[in-house]
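Step one of this worksheet: look at the structure below.
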Amino acid sequence: MTPASAHSPGPLAAHRNYGLLTAAAVVTSLGGNGALIAAAFAVLDAGGDGGDVGLVAASRTLPLVVFLLIGGAVADRLPRHRVMVAANALNFLSQGAFAALVLAGHPQLWQMMLLTALGGTGQAFFSPAAEGMLMSSVQGEQAGRAFAMFRMAMQGAGLGGAALGGAMVAAFGPGWVLAADAAAFAVAGALRAFLDVGHIPPREAGGGMLADLREGWREFIGRPWLWGIVVQFSIANAVVGAADAVYGPLVARDDLGGAGPWGLALACFGAGTVAGALLMTRWKPRRLLLAGTLCVFPLALPSAALAVPVPVGALCAVMFLSGALVEVFGVSWMTALHQEIPEDKLSRISAYDWFGSVALVPLATALAGPAEEAFGRTASLWGCSALVVVVTAAVLTVPDVRNLRRRTREVAVRSGSADAERPVGGLG
């Protein structure tokens, strides 16, 4: 067993890494949240329908599912900052090509799907490395506050990115928003190149990729609360993703006035997450997962609001509330992961977490269009809302979800089996 302090960076290195990671996350959140809106309206402007929007969204998440586990094993074996920079480079190239196609006019559906798939591949390698890097850059009882501050900065940038992106799509078209996102990846990659990984010991020679994956699986499956919540979010993320990526833009186009109001609604969700993160800099719920899971129920409200549909003002209020409360879960989840998972397995656990969290998203987004044709848009949205409530209630039956407690002081040893929690971009 290895003391946690032996794997922790010194105060200066930790502060520097945390600052670089936060700055890079702010940059990519600014570009990425606007790009989500831009991609949907690029498809619609090219003559696509709801099914085509769903196919492009699925094209991003499908390679994410395929490569995530490999990405987690790679990130625990290679220097994490190099994995992150390489992934950012791929995202820069793919998003830049997407922007060029849209600006040139008349992009083909298969072209948009291919480039979006390359972006998803980059994210599959980036996400486990980024989460492992962030977890190893904070320590002690202040970890929860550090995660809250990180997420507050990231979500605040997402707030601005969504509002600005929606306005830019309405004013200039989606191509320029996609180009800005490509530039954001370049800047973020440059920042991440300066991360210090000297505190992370080199991996011992021995088992290969399959052995690493099996070891990560044993860590994952041994925690009922961990895999239970991942199953919960497999379904919740899928239906919420379908509502946001497919039905939201369609409702906005038909009933709310287009890209601008939808961008404003997404920005209000972002504002809510900032408020939730701010709350978590002060509030430290003793039962981490119980408090967090109870705050997931309101995630059903945006789909219900779109089903009615409610006026823009009411939709914005609902988005703000759901964003604030789901962020309570996000910070609690990260704190539990940091508290319970050994440093050398962080990226693999994160990969299994992410894998479960996004596994059904490609299917849900691809089926959103056919579901609308079969059941109608309103019924499909009500179904999304109901599923969020059902799976969240179900996971509360797991005793560990109700009982996992926050530690009040740093534990000297973090290399055995324990109980964990959740990531930067995965569930929350």
Side-chain angles (χ1 to χ4, degrees), residues 54 57-58 61 64-65 68 220-248 269 272-273 276 285 287-307 318-319 321-334 336-337 349-368 371-372 375 378-404 419-428:
T61 48
L64 183 61
V65 171
L68 258 174
F220 174 78
I221 202 65
R223 297 168 168 83
W225 60 264
L226 176 58
W227 61 258
I229 287 179
V230 169
V231 171
Q232 170 203 6
F233 272 87
S234 293
I235 298 171
N237 283 347
V239 296
V240 170
D244 285 352
V246 181
Y247 298 136
F269 184 89
T273 61
R287 296 190 182 187
L288 286 165
L289 298 183
L290 177 60
T293 302
L294 289 173
C295 289
V296 175
F297 282 106
L299 198 59
L301 294 177
S303 295
L306 289 170
V318 164
M319 295 287 274
L321 176 64
S322 60
L325 293 179
V326 81
E327 190 66 13
V328 172
F329 171 83
V331 175
S332 298
W333 182 244
M334 290 182 67
L337 261 186
I349 291 295
S350 174
Y352 278 107
D353 177 12
W354 272 86
F355 179 83
S357 299
V358 304
L360 297 181
V361 173
L363 180 63
T365 51
L367 292 179
E372 181 183 13
F375 307 110
T378 298
S380 298
L381 282 164
W382 280 118
C384 292
S385 184
L387 280 171
V388 172
V389 172
V390 170
V391 298
T392 303
V395 82
L396 286 174
T397 66
V398 178
D400 288 346
V401 172
R402 301 192 304 271
N403 297 327
L404 180 65
D419 281 79
E421 206 240 297
R422 159 96 222 142
V424 178
L427 301 176

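Keep in mind the model is a prediction, meaning the values are calculated, not measured.
Only one option out of Val326, Val328, Leu290 pairs with Cys295 in a side chain to side chain contact (heavy atoms under 4.5 Å, CB included); it is Val328.
Within the 4.5 Å cutoff, the side chain of Asn237 has no heavy atoms near those of the Leu360 side chain. In this structure, the side chains of Val401 and Gln232 stay at 4.5 Å or more apart for every pair of heavy atoms. Put simply, the side chain of Val296 reaches to within 4.5 Å of the side chain of Phe233, judged on heavy atoms.
For the pair Tyr247 (side chain) and Ala368 (backbone), a donor-acceptor distance under 3.5 Å is present. Using a distance-only test at 3.5 Å, with no hydrogens or angles considered, no donor-acceptor pair links the side chain of Ser303 to the main chain of Cys384. When atom types are taken as modelled, the side chain of Arg287 and the backbone of Leu404 share no donor-acceptor pair closer than 3.5 angstrom.
Applying the side chain to side chain contact (heavy atoms under 4.5 Å, CB included) test to Val389 and every residue at least two apart in sequence or in another chain returns Phe297, Ala300. Checked against side chain to side chain contact (heavy atoms under 4.5 Å, CB included), Ala324 has no partners two or more places apart in sequence or in another chain. Judged as a side chain to side chain contact (heavy atoms under 4.5 Å, CB included), and not counting sequence neighbours, the contacts of Tyr352 are Leu69, Leu213, Trp217, Phe220. Remark: Thr293 engages no residue in a side chain to side chain donor-acceptor pair (under 3.5 Å) (not counting sequence neighbours).
Closest approach of Ala394 to Thr397, counting heavy atoms only: O-OG1, 2.6 Å.
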Checklist entry - Passes side-chain contact (heavy atoms from CB on, under 4.5 Å), Val388 versus Leu301? Steps please. => result CA-CA 9 Å; Val388 172; Leu301 294 177; over 6 Å; no

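Between the CG atom in Leu226 and the CG atom in Leu337 there is a gap of 6.5 Å [rounded to 0.5 Å]. Within the model, atoms CG of Leu288 and CZ of Phe329 stand 10.5 Å from one another, a figure rounded to the nearest 0.5 Å. The distance from the CZ atom of Phe355 to the OG atom of Ser234 is 8.5 Å, given to the nearest 0.5 Å. Leu299 CG to Thr392 OG1: the interatomic distance, rounded to the nearest 0.5 Å, is 7.5 Å. For the atom pair CE of Met319 and OG1 of Thr273, the computed distance is 10.5 Å after rounding to the nearest 0.5 Å. Separation of atoms CG (Asn403) and CG (Leu289) is listed at 10.0 Å; rounding is to 0.5 Å.
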